[in-house]
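Here is the structure we will look at.
We use all heavy atoms of the structure for the numbers below, so side chains are in, but hydrogens, waters and symmetry mates are not.
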Amino acid sequence: ETVIGHIVQTIISGDCNSKCINSIVSSDLKYATYSQAIYVLDEVGKKLPKIFKSVKQELSIKIKEKHEKSL
């Protein structure tokens, strides 16, 4: 929505040709991609402790099972 709004505003103002519009689209899409990547990294960072805890629990169970089998 933001990209389209930016393009429409630029076309209406008459200050830009198709090359300029392509530049705007490219720039806006790069920023959107960057924003999404940062969001995903933040979310993964928040969930890492839970992920590690789960992995630790699974490994502990497997180690315990192997130990009990060896007895």
For residues 51-71, which side-chain N or O atoms pair as donor and acceptor with protein atoms under 3.5 Å away, sequence neighbours left out?
from	atom 1	to	atom 2	distance (Å)
S60	OG	K56	O	2.9
S70	OG	H67	O	2.7

Rounding to 0.5 Å, atoms CD1 (I38) and OG1 (T33) come to a distance of 11.5 Å
Same cluster or not: are Y39 and Y31 linked, directly or through other Ile, Leu, Val, Met, Phe, Trp or Tyr residues, by side-chain heavy atoms under 4.5 angstrom apart?
no
